[in-house]
Each structure stands twice: as structure tokens, then as C-alpha cells.
Number of protein chains: 2
Amino acid sequence: MAPVSPRRRIPEATVARLPVYHRSLTELKESGVTTVSSEQLADLAGVNAAKVRKDLSYLGSYGTRGVGYEVEYLLFQIDRELGFANDLGVVIVGLGNLGQALANYDGFGDRGFPVTALVDADPAKVGSTLHGMQVQHIDDIESIFADGDLTIGIIATPAAAAQGVADRLVAAGVRSILNFAPTVVTVPDGVHLRKVDLALELQILGFYEQRDATEAVNAADSDS
Amino acid sequence: MAPVSPRRRIPEATVARLPVYHRSLTELKESGVTTVSSEQLADLAGVNAAKVRKDLSYLGSYGTRGVGYEVEYLLFQIDRELGFANDLGVVIVGLGNLGQALANYDGFGDRGFPVTALVDADPAKVGSTLHGMQVQHIDDIESIFADGDLTIGIIATPAAAAQGVADRLVAAGVRSILNFAPTVVTVPDGVHLRKVDLALELQILGFYEQRDATEAVNAADSDS
DNA sequence: AATCGATTGTGAACAAGAGAACTAGCTTGT
DNA sequence: ACAAGCTAGTTCTCTTGTTCACAATCGATT
Ligand SMILES: NC(=O)c1ccc[n+]([C@@H]2O[C@H](COP(=O)([O-])OP(=O)(O)OC[C@H]3O[C@@H](n4cnc5c(N)ncnc54)[C@H](O)[C@@H]3O)[C@@H](O)[C@H]2O)c1
Ligand SMILES: NC(=O)c1ccc[n+]([C@@H]2O[C@H](COP(=O)([O-])OP(=O)(O)OC[C@H]3O[C@@H](n4cnc5c(N)ncnc54)[C@H](O)[C@@H]3O)[C@@H](O)[C@H]2O)c1
């Protein structure tokens, strides 16, 4: 009951944008820019300048009025807030089409999320090597995680297996899961779950595309 | 200026959930269920029952009080609203690791989004066959789209090429784009853009994981 | 030192979304 | 025909997120 965290609570929407700023700032840093205004950063991140300022203000007052933000320092602060200091491992479960593409992708490691284990249930795949890493069996999943290890689990199995895999990940101590299977997965309180559903994205785009098309037709009708 | 569309405007958040209901309903239908209540559907979709009712009410009054919704009829209505009647083609640009996985995936076609073209810039890849489809060159992109064709473009190229590809897609008449490259892409008004950024998802998960961890430490401290 | 232009940080208005509570209406059993 | 029990549809309130507008503050310039 003690006021343990008098910390400012960073809104969810802001958390989702911080990585975008981080990426833009990294690019700026690499091209030698030392200072950036909220307006410029907003342009790069594809958002509104006021939003940038408000988002950054949750981290503290790291800008200089009349000047802008020092790129390197701001980057350091976002790093700190996002927990980039301590790398977080990633376990990929399900090494089919998608899982293999993910395993072969270097972009995660580059951004501080090294793939630490590959897991599948297919005996034909277990034991084989992918991107310099041996595929382990899902039944051995408990032994994969060292105590206290912070790890993100990626589910890239068929939808039917997703909930089961999630349960096993949670049982093994994983508290963050990224689900690619097109199905609803539920996890206990305290476990964070995010999903990436490509078919869903297409359906959403499809809706707007179709709506625009019918609107255009309606507009044409009213012309006649 | 005429009130062409006296249509109820479906909120964005609702549009994003309709495909989820759609999937749950499809499962119900396949297992022979004919009627479903908002409560049950909410469970399957992982949301709140009130939200389900409100979302569905934007489509019209298709439920029966005291009973629930007729699965098949509701499915038909969502289909109609999402524009499932007319299939929407998908063009994948960039056939590396990820693009190939997408091209080999049947889940899109199954859900009404047949892949209609594969495009790359690498001469070594152009002309080769993938999943029964020939890879075309990006310079020929204009000729790929028949007039009036509604198509969604998927960008799976390196980040550096993404904006250029988006521009070419737009120039060729594509009005909906799904971007996988980890970079901000801007498109003209009237073009819909959605993004899937895996590294970003990991970073968001990483933030919460780290926050929880430090909170736990803080709590332990206050115990001592 | 005083002024000026620029840019941050934030209070407040505004908009969108979520969820609870209520109302209306159907179906079934008597 | 009527009552009882469900469940859809709607209204209201609360929360979250976005945007605007402006005062505070900095560096530069005279
Ligand atoms: N391939 C894509 O481009 C793509 C696109 C969108 C969504 N998805 C989704 O991603 C998931 C994976 O797709 P995919 O094409 O790679 O499928 P896939 O069938 O090629 O691969 C699935 C893998 O999961 C393994 N697996 C099955 N059950 C398992 C279990 N219980 N534990 C561990 N591993 C298990 C299988 O052995 C196989 O290697 C699917 O849910 C699919 O809908 C894939
Ligand atoms: N592979 C993954 O699992 C993964 C995960 C997350 C994000 N991504 C992102 O997805 C994108 C693709 O990743 P990848 O691993 O497939 O990369 P890749 O390098 O394997 O493939 C890129 C492909 O794009 C083609 N290409 C390059 N420029 C082009 C252009 N102007 N027009 C058309 N085609 C062009 C290349 O010829 C190549 O075939 C990248 O932006 C990457 O960051 C990939």
C-alpha cells in the first residue's frame, strides 16, 4: 500500500510511439545531426509536433527551449526508458514458413533483441540448425530459460497450437508474448501479450478500400 | 456538397474488431453452431460483451433480443460490410526472407485476399517462380494493374527502398498499402497505409517487461 | 543588458473509446 | 393470453488520447 512508485505513468499510446522516435533519432545520429526540434522529429516519425513534445515530456525535461533536443542525449534517455540497457532474449516457437524467416532475420538482434532459442514440436525439425542455432523440442522448454532471465516468446505455430504454446511459455516463466497465429490467445494477468495478424490487417485495409469505392460510386450517382 | 452518405460512420476501433468477430463466427459456423449471444462471442473474440453489441449495432439490428445472433446471417452481414463479396488482390513487393514466406502462405487467399502478383527489383529473382507464380520486375508495375482493379500492395523490401516502392505503387493506382519495412512511409491523402513493425512490437513488450521488473525490485526494497 | 526570434513544456479544450447500466423486445412455458 | 427470463440495442459516464494555444525560457544579436 506504500506509494512505492511516485513515478509518472507513461501512457500506453506514448509507449507505442517511443520506439518510432528512437528509430528516427538513430538515423539522425548516424547522419551526424546533433540537434533536432519537435517539428523535425514529428516529420520523421510521421506524427504531430505537439504529440512529440507531450510524449517526450513524460520522460522528463530533456529539451532546450529555443533550440530543440540534443539527439544523442535524448536517444540515451529513450534507451533507458525502453530498457535497452539490458538486452532481452527472444524465443521463437514454430519454425515453419514464418518462423524460419524470423529466425533468419538479423534485424532483431541489431535492435537489442537477440534470438536465444528456436523451438518446434516436429521431430523432423528438432535438432536441425537454423541461422547457426539448434532447434530444440518444445517439451524441453522449461530447461531453456535460466532463472530470472527475461525473455520474449514469439508464437509462429498454426492457430490450433497457439494457446497451448502460450500456456507452456507462461508456465516456463515467460511474461511477454508476441503472437502471429490468427487466433485469440488469452494469458494470465501480469503477462503481456501483443499480436500481429496479417490477414486482419488486410481485412481492415479491404474495408476502407471498399468503402471509398462505394462512396465514389455514390458521389457519381448524385452527379447524374 | 450533397449529403451523399447519410450512412452511419463505423468507428475505426470497431472496424479493427470486425475481422476478429468474423473469424470467431466462422469457427462457430464450422462447428455447426447456429446462434450466438454477445456474451459468447465476446469470450471468443477476447473482448467485452457490451463492446460486441455496440460494434454490431453499427451494422444494423441483426440480433434477436432474448436469443442472440444468427451466426450465418451475422457472418454474411460482416462479410458485406468488410467488402468480402468482391475479392481484393494482393501484390507483394520484395521477395526476400519475409516476402517469400508471405508468398508461400495460403492464409491470405483462404480469407479472400489472393496474391495476384509478385514483384522484386533483383534481376536474379525476376522471372523465377514462387508458389506457382512468376516474379515480375518492379519497373513493369504499371502494367500489372488492370484499370479499376482494387489491389492491396505489401511492401517487404529493405527500409531504404520502402518509400520509393510506396510511391510507385501509388502511382500505379494502388490505394491500400501494408508496410513491413521498419521505416515511416508517407502516402498522399486518400491512400490507406497500415504498418506491421515487428521490432517495434518487441520494443513495446520490452518496455513493459522492464517496467514490471523494476517495479518488483522497488516493491522488494520497500519491504526491507 | 536588453531585445528578439525560436522552441519547449503544459494547461485546457476537444474527440474518441470503453464499459456499466438501463430499456426494449423476443421467446418460451404455463 | 400472460408472465418470466433472456438478450439485443442504447444511453450515459468515465477514461484515455489528441490537439491547440500560450507562457516560460533559451541563445543570439545588437
Ligand atoms: N507464413 C506466413 O507468411 C504467415 C503470414 C501470416 C500469418 N501466419 C501465421 O503464422 C503461423 C505460422 O505460419 P507458417 O506459415 O510458418 O506455418 P507452418 O505450418 O509453415 O509452420 C508451423 C510450424 O509450427 C510447428 N508447430 C506446430 N505445432 C507446434 C507446437 N505445439 N509447438 C511447437 N511448434 C509447433 C510446426 O512443426 C511447423 O514447423 C500460422 O498461425 C499462420 O497463420 C503466417
Ligand atoms: N525477415 C523477417 O523476418 C523480417 C522481420 C521483421 C521485419 N522485416 C522487414 O521486412 C523487410 C524485408 O525483410 P527481408 O528479411 O525479407 O529482407 P531481404 O533483404 O531478405 O529481402 C528484401 C527483398 O527486397 C528486394 N528489393 C530491394 N529493393 C527493392 C525495390 N526497390 N523494389 C523491389 N524489390 C526490392 C530485394 O531484391 C530482396 O529480394 C525489411 O524491411 C525488414 O526489415 C523482416
Side-chain angles (χ1 to χ4, degrees), chain A residues 7-21 24-25 28 33-75 77-78 81 184 189 194 204 207-208, chain B residues 7-21 24-25 28 33-78 81 184 204 207-208 211:
Chain A
R7 277 256 157 280
R8 49 203 163 356
R9 201 66 160 198
I10 300 185
E12 242 177 279
T14 296
V15 172
R17 279 188 298 266
L18 286 180
V20 180
Y21 303 146
S24 302
L25 287 167
L28 286 174
V33 178
T34 60
T35 287
V36 66
S37 73
S38 60
E39 196 99 27
Q40 295 173 280
L41 187 52
D43 262 11
L44 292 171
V47 300
N48 178 297
K51 216 185 292 191
V52 169
R53 291 199 294 276
K54 178 149 283 192
D55 284 343
L56 295 182
S57 78
Y58 289 111
L59 308 185
S61 264
Y62 299 130
T64 309
R65 297 170 193 232
V67 178
Y69 301 86
E70 203 196 324
V71 171
E72 195 145 352
Y73 187 57
L74 186 54
L75 204 44
Q77 291 299 341
I78 295 182
E81 197 71 42
V184 174
D189 274 7
R194 294 186 68 89
I204 294 172
F207 168 83
Y208 289 113
Chain B
R7 277 256 160 281
R8 51 209 162 353
R9 202 65 158 196
I10 300 185
E12 242 177 279
T14 296
V15 172
R17 278 188 298 266
L18 285 179
V20 180
Y21 302 146
S24 301
L25 287 167
L28 285 173
V33 178
T34 60
T35 286
V36 66
S37 73
S38 60
E39 197 97 26
Q40 295 172 280
L41 187 52
D43 262 11
L44 291 171
V47 300
N48 177 297
K51 214 186 293 191
V52 170
R53 290 198 294 274
K54 197 186 284 189
D55 284 343
L56 295 181
S57 78
Y58 289 113
L59 308 185
S61 265
Y62 298 130
T64 310
R65 297 171 193 226
V67 179
Y69 302 88
E70 203 196 324
V71 172
E72 196 146 353
Y73 187 57
L74 186 54
L75 203 44
F76 169 75
Q77 291 298 342
I78 296 182
E81 197 71 43
V184 173
I204 295 172
F207 168 82
Y208 289 112
R211 194 193 56 181

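Proteins come first, then strands; the chains are lettered A, B, ... in the order of their sequence lines, and each starts at number 1. Just so you know, these numbers use all the heavy atoms, side chains as well, and skip hydrogens, waters and symmetry mates.
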In this structure, OH of A:Tyr73 is separated from OG1 of A:Thr64 (nearest 0.5 Å) by 10.0 Å
Nearest-Å distance for atom pair CZ/P, residues B:Arg17 and C:dG17: 9 Å
Just the rounded figure in Å: distance from P of C:dA18 to CD of B:Glu12. 11 Å
How about A:Ile10 and A:Leu59: do any of their side-chain heavy atoms sit closer than 4.5 Å? yes
Quick one: OG1 on A:Thr34 to CD on A:Glu70, what's the gap to the nearest 0.5 Å? 7.0 Å
Between P on C:dC26 and OH on B:Tyr69, what's the gap in Å once rounded to a whole number? 14 Å
Contact nearer the 5' end of DNA chain D, comparing A:Asn48 with A:Pro11: A:Pro11
The reported gap from CG in A:Leu28 to CG in A:Leu41 (rounded to nearest 0.5 angstrom) is 7.0 Å
Could you check whether B:Glu39 gets within reach of a base, just the sugar-phosphate, or nothing at all, counting any heavy atom under 4.0 Å? nothing
Integer-rounded Å distance: D:dG27 P and A:Glu70 CD: 12 Å
Not counting sequence neighbours, list each pair that qualifies as a salt bridge (Lys or Arg N to Asp or Glu O under 4.0 Å) and has a residue in residues 45-65 of chain A. A:Arg17-A:Asp55
From CD of A:Gln77 over to P of C:dT8, roughly how many Å is that when rounded to an integer? 16 Å
Short side-chain N/O contact from A:Ser38 to OP1 or OP2 of C:dT7, under 4.0 Å: no
Looking at OH of A:Tyr21 and OG1 of A:Thr14, how far apart are the two atoms once the value is rounded to the nearest 0.5 Å? 7.0 Å
Mind listing the residues from residues 49-68 of chain B sitting with a heavy atom below 4.0 Å of DNA chain D? Number order is fine. B:Arg53, B:Lys54, B:Ser57, B:Ser61, B:Tyr62, B:Gly63, B:Thr64, B:Arg65, B:Gly66, B:Val67, B:Gly68
